[in-house]
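We name chains A, B, ... by the order of the sequence lines, and we start the count at 1 in each one.
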There are 2 protein chains.
Amino acid sequence: MPWRDDTGPPWWHGKFRGCGYRLTVSRQAILDVLSKITEHPSAEEIYLEVHKVYPAIGLTTVYRTLELLVQAGLIFKFDFGDGRARYELSEGPKSIGHHHHLVCIGCGRIIDYTDFIDEEIELLRKTKKGLSKKYNFKITNHLIQFHGLCGKCQ
Amino acid sequence: MPWRDDTGPPWWHGKFRGCGYRLTVSRQAILDVLSKITEHPSAEEIYLEVHKVYPAIGLTTVYRTLELLVQAGLIFKFDFGDGRARYELSEGPKSIGHHHHLVCIGCGRIIDYTDFIDEEIELLRKTKKGLSKKYNFKITNHLIQFHGLCGKCQ
DNA sequence: ATCTTATTGACAATGATTTCCATCTTCATT
DNA sequence: AATGAAGATGGAAATCATTGTCAATAAGAT
Ligand SMILES: [Mn+2]
Ligand SMILES: [Mn+2]
Ligand SMILES: [Zn+2]
Ligand SMILES: [Zn+2]
């Protein structure tokens with residue numbers, strides 16, 4: 001189990017309370033992998049990592065758990081165009097916080113990007129306001145991706 | 001063939017010149033469907049539409065052609081989270097121009113959205129400048145999506 | 001009209017994600 | 001701590017969008 005004697009219960013522990021979700025070994029193991037990794041792993045990559053510690057946990061459970069965590073808002077699911085979904089912790093001590101992604105169309109590299117969030121916040125604020133008025137649309141989330149060529153691929 | 005006596009050659013005609021691409025019946029038929037439709041059809045939906053006029057054109061060719069048109073920059077390919085790619089004409093007389101999408105997480109409805117492009121342009125300009133300097137990353141395209149609930153789903 | 005070669009269609013193959021269902025855990029209650 | 005109901009799991013099979021194969025076809029230059 002992903003407990004640390006020196007840190008107390010993992011930060012996500014409370015997230016399961018009140019949602020009716022059971023705190024199982026699989027779910028903790030998967031969250032533990034996601035909280036330690038800095039990349040954007042696919043379901044299978046997460047499965048392989050989890051498998052090192054808990055060989056009994058199956059790929060099906062990984063898929064189910066990831067879906068659950070997305071619904072619970074604990075993780076984000078992305079499509080970077082490589083034919084498989086990729087996942088990332090949405091918040092927590094280890095996460096880099098609100099950010100977006102640069103996707104290299106040459107090599108597929110993903111770069112986390114946090115700059116110019118101020119202008120983004122402003123754009124988002126106006127957009128939210130405008131959309132709720134014009135379309136009666138309630139924004140809950142937004143996705144920004146930049147596609148192009150990384151230094152090595154230019 | 002998707003020719004109109006009163007309009008002259010379709011606007012995309014010249015787009016194939018110089019690229020080494022042949023202007024085939026399939027490609028014209030698919031572009032014709034995309035230029036008349038206002039939604040964001042999947043490959044199969046495009047195939048079914050094309051099939052009404054040209055029953056001999058196969059789904060494989062539709063997939064191949066869409067890939068070609070994406071590479072040529074004539075159309076955009078999107079992932080709205082429903083498990084299949086969706087396509088849209090990138091420009092031309094019938095297109096609504098540069099826009100982004102609202103995706104309803106309740107019913108899957110897609111709303112084209114063109115407001116507040118000014119702020120977006122400004123954000124994009126600063127972002128491009130910052131990224132090319134900080135990460136040596138050359139932006140060629142960007143993707144903005146807002147997720148939330150439409151009027152009916154709230 | 002002929003020729004070169006890009007393009008196509010039918011079918012099989014791929015591969016990520018889901019479905020199924022019998023079995024196992026979690027955890028509230030005793 | 002033991003019990004039991006409901007939720008969660010794993011393994012295999014199924015699904016299904018997309019891609020690969022390859023012989024046949026058609027675009028467009030000559
Ligand atoms: Mn990231
Ligand atoms: Mn659109
Ligand atoms: Zn690259
Ligand atoms: Zn809706």
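- The closest side-chain heavy-atom distance from Phe146(B) to His101(B) is not below 4.5 Å.
- Residues Ser42(A) and Tyr47(A) are not in side-chain contact: their nearest non-hydrogen atoms beyond the backbone lie 4.5 Å or more apart.
- Among the nucleotides dC27(C), dG20(D), dT18(D), the one closest to any side-chain atom of Ala43(B) is dT18(D).
- The base of dA6(D) is paired with the side chain of Arg22(A) by a donor and an acceptor separated by under 3.5 Å.
- A donor-acceptor contact under 3.5 angstrom links the side-chain atoms of Arg64(A) to the base of dG10(D).
- Between Thr65(B) and Tyr63(A), the one whose closest nucleotide on DNA chain C sits nearer the 5' end is Thr65(B).
- You won't find any donor-acceptor pair under 3.5 Å spanning the side chain of Ser42(A) and the base of dA16(C), going by distance alone.
- The shortest distance between the side-chain N/O atoms of Arg84(A) and the OP1/OP2 oxygens of dG15(C) is not below 4.0 Å.
- Between Ile30(A) atom CD1 and dG10(D) atom P the separation is 9 Å, expressed in whole Å.
- Following rounding to the nearest Å, Glu44(A) (CD) and dT18(C) (P) show an atom-to-atom distance of 14 Å.
- One atom, CZ of Arg27(A), and another, C1' of dT25(C), lie 11 Å apart when rounded to the nearest Å.
- For the pair Tyr54(A) OH and dT9(D) C1', the computed distance is 15 Å after rounding to whole Å.
- Between Thr61(B) and the phosphate of dG9(C), there is a side-chain N or O to OP1/OP2 separation shorter than 4.0 Å.
- Computed from coordinates, the Tyr21(B) OH to dT5(C) P distance equals 19 Å when rounded to whole Å.
- Phosphate contact (OP1/OP2 of dT26(C), side-chain N/O of Thr24(A), threshold under 4.0 Å): absent.
- In terms of position along DNA chain D, the nucleotide closest to Gly58(A) lies nearer the 5' end than the nucleotide closest to the other residue of the pair Gly58(A) and Gly83(B).
- Under the 4.0 Å criterion applied to side-chain N and carboxylate O atoms, Lys36(A) and Glu49(A) are not assigned as salt-bridge partners.
- Taking atom CD of residue Gln28(B) and atom P of nucleotide dT8(C), one finds them 11 Å apart after rounding to whole Å.
- Aromatic pair His142(B)/His100(B): centroids less than 6.0 angstrom apart.
- In this entry the distance linking CG of Leu48(B) with C1' of dA17(D) reads 14 Å, nearest Å.
- Within the 4.5 Å cutoff, no side-chain heavy atoms of Thr114(A) are placed close to those of His98(A).
- Ile57(B) has its CD1 atom 12 Å from the C1' atom of dT7(C), to the nearest Å.
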